[in-house]
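The block underneath contains the structure these notes are about, expressed in C-alpha cells.
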Protein chains: 2
Amino acid sequence: MPIPIPILQGLKLLDQLPAPRLEELSRTLSERRVQRREVVVKLGDAGGGLGLLIEGRLQTVSFTLDGKEVGTDFVDAGDFFGELSVIDGQPAPEYVIAVAPSRVAMLDRDRARELMFSTPAGAAAVAARLAERLRRSATHKAVLALPSSFQRVCAQLAALARPAGSDGGLRVHVAPTHQEIAIMVNTSRETVTRTLQFLLGLQVVAREGHDLIVLRPELLRQAVDGSFGPTR
Amino acid sequence: MPIPIPILQGLKLLDQLPAPRLEELSRTLSERRVQRREVVVKLGDAGGGLGLLIEGRLQTVSFTLDGKEVGTDFVDAGDFFGELSVIDGQPAPEYVIAVAPSRVAMLDRDRARELMFSTPAGAAAVAARLAERLRRSATHKAVLALPSSFQRVCAQLAALARPAGSDGGLRVHVAPTHQEIAIMVNTSRETVTRTLQFLLGLQVVAREGHDLIVLRPELLRQAVDGSFGPTR
DNA sequence: CAGCGGGTGTGACGCACGGCACAACGCTGG
DNA sequence: CCAGCGTTGTGCCGTGCGTCACACCCGCTG
C-alpha cells in the first residue's frame, strides 16, 4: 500500500524533497507494521536497505563479546535507521527491535544512497543523524562507566525521563521492565529492582500505571554523581 | 608554514580534491606540532573547526557523570576529528589529546562545511568516517559491558593488538600505561596490573621494550568470553 | 475457576575487585 | 651519582552486587 505524502514529509531524510520525488516515493514505498519485540533488522544482515520509522519506537540491541545482551540506543518516529550498512556496506552491527507497536518503511540500498549523498541537504541530514547517534553513544558510555550499579540505574532513569505534559515534572512514559533496564546499564535485574525499591521508599520516584514519575529530580541527579545513595 | 600537497592528498577528506583546490589549501593551512599529553580540542569548545591529523595518534577522552575520566576512541594519521561540532554546531563532546607526538592542521568551520557537504565524494567521506566511529563505539560498549574486570582488560588488549610486521603475530605497539588501560575499560589500575601479571605468568603475552606481544591469541580470546581466567 | 507465564520483590551467600598503603623499579635532569 | 617523579608490583581489608532460590502478583486463556 502506498504511503501518504504528508507522512513522508515528516521523515527527517525526506523533508526537503521536491514534490515529484515525494510522489514517486509515495507510490513505490510500502509500509510494514511491527509489534513490540518484533525484530526489524537482524545483526549481521548485509546489504540491507535504509529503514524509515513512521510511527512507534525501536531499540537497537547488540551483544557483548561473551554473549550477553546490551541495549544501546533508541530510534524515534521520523528517524531513519540501518544507515551504517548503507554507508559502508558492512553487515549490520546490531539488532533493531520494536519496543512499541510501530510502522516502518524500507528503502532499497541504491535509492537510499542516492537520497543520502546526491544533494547537500541529504548529506547534511545524514551527517546530523550520525552525529546525534555518536553524541548519544558517548553519553551512554559515560553512564556505563559509572562505578556503582546504583548510580548507573539512576543515571539511566534520568536519561529516560522526559518533561511531562502539564506541569514541569519528569516522567518515564511506559517504563521499561527491570530486565530491560538491567540490560541497558549492565547490571542484574535484582539490583534494578532493589534500586527502584529504594527510590520508591524515599519518594524520589513514584509509579503511575505503566509510567514512572520523578518526584525529586535533584535527588536523582545527586544519586548519579555519588553524593546520595543507599550507603549514606 | 604551508603544507606540502602530497601530505594533503594523504588525508581522507581531501584525497579526491582537484589540484587547484589542493594548492589553495596548501597555501592557507598551517601545521601545528603537539607533544604527548597535549590537549588539541577541549571538551565544551563551541564553534571549533575541523582537525586533520597529518601524523601521530590522538585519543578522545571524556568524563563520566561523576567526574571520572573515560577513554573513548583513537584518531589515527589521515583521519579528521572535531567533525561533530562542525556538523551540528554543538560544543565538543570530549577532549582530544595526543598520545604520541603529532602534527595537526586546523580548518575553519565554514571551509570545512563546504568540503564536507558540497560534493558527493566529501559527503561520502564524512559519512564513512562517522560510520566507522559509530561501529567502534559499539564494539567499545560491548567491551565495557563485560561482567568482569579481567575480561574487559583482556578484550581491550585484544582490541589494541594489531598484526605485527614480520610473522603473523599480534603486537601492541607502545603499550599504554596501566592507568590508561584502566580508564579505557573502567576498572582500577591495580586490577590491570594484576591481570597483566597473570597473563605474563602464563606466557599469554610478553613484554618487548615498550611493546606488548601476544604469544597466544586464542587464549586471549577465551579469556574474553569467560572460558579462561584466574578462577579456572 | 484453575493453570500458566511474565514480571516483581526479597533473603542469603560468597567472592571479585576497588581502595589504600607501601615497596621497588626505571627514567630524566642536575 | 643522587634526587625526584612517574610507573609498576603486591598484600590486605571491606563490601557491593551477581547469583541462586523462592514467594507473590497480575493478566491471560481455556
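Between A/Arg152 and B/Thr177, the residue anchored closer to the 5' end of DNA chain D is B/Thr177, taking for each the nucleotide with the nearest heavy atom. Sequence order on DNA chain C of the closest nucleotides to A/Leu200 and B/Phe150 puts A/Leu200 first from the 5' end.
Note on B/Ser188: every side-chain N or O is 4.0 Å or more away from OP1 and OP2 of C/dG19. Proximity of A/His178 to the phosphate of C/dG9: a side-chain N or O atom is located under 4.0 Å from OP1 or OP2. Considering only side-chain N and O atoms, A/Arg207 lies under 4.0 angstrom from the phosphate OP1 or OP2 of C/dG9. For the OP1/OP2 pair of C/dC17 and a distance below 4.0 Å, the side-chain nitrogens and oxygens of B/Ser148 include at least one atom meeting the criterion.
For the helix from C/dC1-D/dG30 to C/dG30-D/dC1, the end axes, each set by the C1' atoms of five terminal pairs, are bent relative to each other by 40° (nearest 10°).
Spacing between atom CG of B/Leu146 and atom P of C/dA16 amounts to 16 Å, rounded to whole angstrom units. Rounded to an integer number of Å, the gap from NE2 of A/His210 to P of C/dG7 is 11 Å. Between the CD atom of B/Gln179 and the P atom of C/dG18 there is a distance of 12 Å, rounded to whole Å.
In this view, B/Ile183 and B/Glu69, B/Gln179 satisfy the side chain to side chain contact (heavy atoms under 4.5 Å, CB included) rule, not counting sequence neighbours. Checked against side chain to side chain contact (heavy atoms under 4.5 Å, CB included), A/Glu55 has the following partners two or more places apart in sequence or in another chain: A/Arg103. Scored by the side chain to side chain donor-acceptor pair (under 3.5 Å) test, A/Thr187 finds A/Ser149 as partners (sequence neighbours excluded). Residues meeting the side chain to side chain donor-acceptor pair (under 3.5 Å) test with B/Gln59, sequence neighbours left out: none. In this view, A/Ser188 and A/Thr191 satisfy the side chain to side chain donor-acceptor pair (under 3.5 Å) rule, not counting sequence neighbours. Every side chain to side chain contact (heavy atoms under 4.5 Å, CB included) that B/Gln203 has, sequence neighbours left out, goes to B/Leu215. Annotation: side chain to side chain donor-acceptor pair (under 3.5 Å) contacts of A/Thr60 (sequence neighbours excluded): A/Thr72. By the side chain to side chain contact (heavy atoms under 4.5 Å, CB included) test, B/Ser85 pairs with B/Ala92, sequence neighbours left out.
Along DNA chain D, read 5' to 3', the first and last nucleotides having any atom under 4.0 Å from a heavy atom of chain B are D/dT7 to D/dC12.
Looking at B/Thr64 and A/Leu144, their side chains never come closer than 4.5 Å, going by heavy atoms from C-beta outward. In this structure, B/Ser62 and B/Tyr95 have side chains that are not in contact, with every pair of non-hydrogen atoms separated by 4.5 Å or more.
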Please write out each protein N/O paired with an N/O of nucleotides 10-13 of chain C under 3.5 Å, distance rounded to 0.1 Å.
unit_1: C/dT10; atom_1: OP2; unit_2: A/Gln197; atom_2: NE2; d: 3.0
unit_1: C/dG11; atom_1: N7; unit_2: A/Arg194; atom_2: NH1; d: 3.4

Report all side-chain donor-acceptor pairs from residues 40-52 of chain A shorter than 3.5 Å, counting only partners two or more places apart or in another chain.
none

